[in-house]
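Each remark here refers to the structure printed beneath this line.
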Amino acid sequence: MTDASILRIEGLEAKVADEDLSILKGLTLDIGKGEIHAIMGPNGSGKSTLAKVLAGHPGYEATMGSVEFRGADLLDLEADERSQAGVFLAFQYPVEIPGVSIANFLRTAVQAHLPEDEELDVFDFTDILMERMEMLEMDVAFAERHVNDGFSGGEKKRNEILQMAMLKPKLAVMDETDSGLDIDALKIVASGVNKLSEEDPEMSVLLITHYQRLLDYIKPDFVHVMVDGRIVKSGGPEVALELEAGGYSEFETASAS
Amino acid sequence: MVDMVITESQATQGVTEAFNAASVELLTKGEPAWLREGREQAWSVYEQTPMPNTRLEEWRYTDLTRLLQLASLRLPEVEVGPGSASTWPDRLRETTEQNREAAGHIVLIDGHVVHADIDPVLAEQGVILDSLHDALTLHPELVKEHLGSAVSADDGKLEALNMAMWADGIFVYVPSAVRLDLPIRVTRWISQAGAAYFSRVLIVAEAQSQVSYVDEVVSDDFDTQTLKSSAVELVAGAGAVLQYVTVQRAGSGVFVHSAQRTLAERDARIDTLNVGLGGSVHRVDLNAKLLGPGANSEMLGLYFGDGNQHFDFNTSQDHTEPNTGSDLLYKGALDGASRAVFRGIIRVLPGAQRTDAYQTNRNLLLSSGARADSLPNLEIEADDVKCSHGATVGELDTEAKFYLMSRGLDKVQAERLVVLGFLGEVLSRLPLGGVIEKVTGAIEEKLSQHG
């Protein structure tokens with residue numbers, strides 16, 4: 001699997017930039033090309049911190065360890081460079097950008113992913129956007145709405161998937177994508193991820209979730225349990241089922257002792 | 001030049017080598033008696049009115065004694081500028097080309113009309129677009145009836161000075177029920193460093209008529225202070241619709257003062273948009289009067305400051321009749337060590353029941369050296385009204401910036417998008433042809449200099 005590795009995290013420690021306390025405490029994780037991994041863990045285990053550290057959030061600081069993405073040092077890159085390199089973070093709480101239409105935002109983002117001397121053709125862009133929206137069963141009028149401004153929880157998450165579909169990442173980190181969604185919205189979002197995954201079998205996915213139910217719709221190859229800033233157990237899909245039956249208490253006790 | 005000795009007490013009242021009774025007298029040559037009397041009376045108000053200081057609430061944050069160098073200003077030299085567009089300064093020519101689509105144009109260089117045209121169909125219907133000077137001769141009764149009716153010498157020291165000293169102006173008249181589809185566009189170029197330009201705009205829209213008007217000033221940068229003072233009078237008869245937009249893109253060194261009053265009769269609508277981008281100091285005194293039942297005003301403002309720019313918007317919404325509405329939205333972004341002041345008041349008189357009046361000022365600080373002060377206020381004497389006011393001063397949201405950067409936009413692109421989105425709300429409320437593109441372009445130009 002080493003040759004096909006896309007993301008390799010080793011002994012990663014990280015904290016909130018202005019604070020001393022570590023949240024990630026030596027996390028190690030290896031994701032191969034085209035694999036779907038799920039990280040499950042209780043609240044406060046550091047799952048979302050991991051997502052933000054991977055995407056380059058300026059409020060977090062990696063203090064130890066390394067993150068290698070497609071052979072390059074990911075921690076060395078700014079957030080925009082990570083995106084251009086192929087990392088995509090689907091936000092748990094997508095941010096509202098009033099006054100900026102989705103179409104305008106995506107045009108700027110897609111342009112930013114092109115080589116510097118390449119100018120995005122506006123008509124090509126519109127065609128692709130329409131096609132992607134159709135694939136995700138979205139109304140074309142959606143593109144004229146302002147980014148996440150006044151969106152329902154479901155609309156915000158679908159907007160994340162649309163961005164992912166437009167930017168075609170190598171690694172998609174999905175931070176609590178299921179939070180705040182009813183079952184219908186969850187199915188739509190999951191089906192979008194599955195379609196993108198079928199379209200590009202080399203795309204790797206890291207699902208971060210508290211609950212098992214997302215994994216009913218997006219089937220992981222590997223499941224990891226994260227407690228107190230570390231991976232404490234890894235295995236196949238069966239790990240998620242065990243968690244559903246037994247909860248996190250077994251691990252939390254182990255970690256506290 | 002008039003030789004004169006200015007006493008110390010005169011000097012403290014703002015009497016200078018350029019501004020004095022003799023220079024007012026010179027301006028009145030050939031003018032009708034009523035106007036001469038108006039100027040003389042305005043001059044005496046000016047002389048008797050103390051210079052506003054920061055102890056006055058309305059001037060608390062704009063210290064005229066420090067910011068306005070009255071004594072070093074002079075009146076512009078009378079040069080009739082080049083009439084042919086090919087000889088205009090590049091920036092003026094570019095601007096007028098952008099402003100091509102219009103019902104009529106006036107181009108002024110240093111206060112002199114160098115170009116004027118109007119759609120002949122509209123002219124036939126009685127629409128007037130003239131310099132105020134020409135209108136004095138061509139339409140004396142109309143001008144006499146309205147000039148000074150909205151902005152009078154009694155409104156304040158600077159208003160009195162403008163009334164006494166105005167040298168150029170624009171007169172627009174739209175007869176009853178005539179509706180203009182395209183805006184009238186006025187483009188001004190000022191070129192004389194150290195000069196004081198006094199100008200007036202008078203727009204009269206008769207009952208059921210419709211007109212929009214865009215006034216833009218551009219200039220190079222000046223190393224000595226240059227004054228652009230304007231008095232804007234907007235009068236809308238019953239059911240008329242009047243839209244007034246001013247885009248200030250003057251160079252640095254320019255002190256801009258604009259006194260604006262809107263008079264909206266029954267069911268009339270007067271919308272205003274003040275865009276402040278250039279200049280060193282930009283002060284607007286805007287008073288909207290809702291004089292007839294059903295009258296409405298949308299009052300919009302947009303500003304982008306950088307360097308040491310200083311903006312001060314002083315607004316009032318006066319509701320005197322029932323069922324009137326006013327909705328104010330001023331938004332600005334401030335970079336560098338720039339500063340903005342917003343002071344607004346909604347006044348609802350006892351008879352103005354069922355008034356809807358709103359007032360919002362939002363500021364976005366792009367640097368730690370920028371500052372915004374916002375003072376919204378209400379004075380309500382009627383009980384059946386809907387009124388609200390709100391003000392915010394915020395910084396560029398780091399979460400929003402991270403969100404955009406996580407999609408591949410670099411820091412500058414991310415900020416540009418957030419700022420344009422923030423300010424775009426104002427422009428989208430008054431979508432006049434070409435204005436959005438022009439203002440967006442000018443903001444982008446300023447943003448590209450953002451460190």
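Below, all heavy atoms of this structure are taken into account, side chains as well, without hydrogens, waters or symmetry copies. Within every chain, numbering begins at 1; the chains are lettered A, B, ... in the order of the sequence lines, protein sequences first and strands thereafter.
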- Query: Quick one: of A400(B), G424(B), G421(B), who has the most non-hydrogen atom pairs under 4.5 Å with chain A?
  - Reply: G421(B)
- Is the number of heavy atoms from other residues, nucleotides or ligands within 6.0 Å of CD (E134(A)) greater than 12? no
- Message: For F402(B) and Y60(A), I'd like to know if the aromatic rings sit close, meaning centre-to-centre distance below 6.0 Å.
- Response: no
- Check the surroundings of atom CD in E395(B): do more than 12 heavy atoms from other residues, nucleotides or ligands lie under 6.0 Å from it? no
- side-chain contact (heavy atoms from CB on, under 4.5 Å) with L404(B): which of V147(A), V100(A), I97(A), D80(A)? I97(A)
- Could you tell me which of S83(A), P58(A), P169(A), A109(A) has the largest number of non-hydrogen atom pairs under 4.5 Å with chain B? S83(A)
- For residues R416(B) and T108(A), report the shortest heavy-atom separation together with the two atoms involved. NH2-CG2, 4.4 Å
- Give a yes or no on this: more than 12 heavy atoms of other residues, nucleotides or ligands lie within 6.0 Å of atom CE of M130(A). yes
- Heavy-atom distance under 4.5 Å to chain A: side chain of E425(B), backbone, both or neither? neither
- Query: With a cut-off of 6.0 Å (strictly less than), are more than 12 heavy atoms of other residues, nucleotides or ligands near CG of D73(A)?
  - Reply: yes
- Message: Under a 3.5 Å cutoff, is there a donor and acceptor pairing between the side chains of Y403(B) and E96(A)?
- Response: no
- More than 12 foreign heavy atoms under 6.0 Å from CG of D20(A): is that the case here? no
- pair L417(B)-N104(A): side-chain heavy atoms closer than 4.5 Å: yes
- Message: Restricting to non-hydrogen atoms, name the atom on R407(B) and the atom on H113(A) that form the minimum distance, rounded to 0.1 Å.
- Response: O-NE2, 3.3 Å
- Heavy-atom closest contact (A112(A) atom, Q413(B) atom, distance): CB-OE1, 4.3 Å
- Query: Any chance CD of E101(B) has more than 12 other-residue heavy atoms, nucleotides or ligands included, within less than 6.0 Å?
  - Reply: no
- Kindly give the heavy-atom pair with the smallest separation between Q84(A) and G408(B), and that separation in Å. NE2-O, 2.8 Å
- Task: Look up atom OG in S406(B) and atom NE2 in H57(A), then write down how far apart they are to the nearest 0.5 Å.
- Result: 9.5 Å
- Which answer fits Y93(A), side chain, backbone, both or neither, if we ask what part of it has an atom under 4.5 Å from a heavy atom of chain B? neither
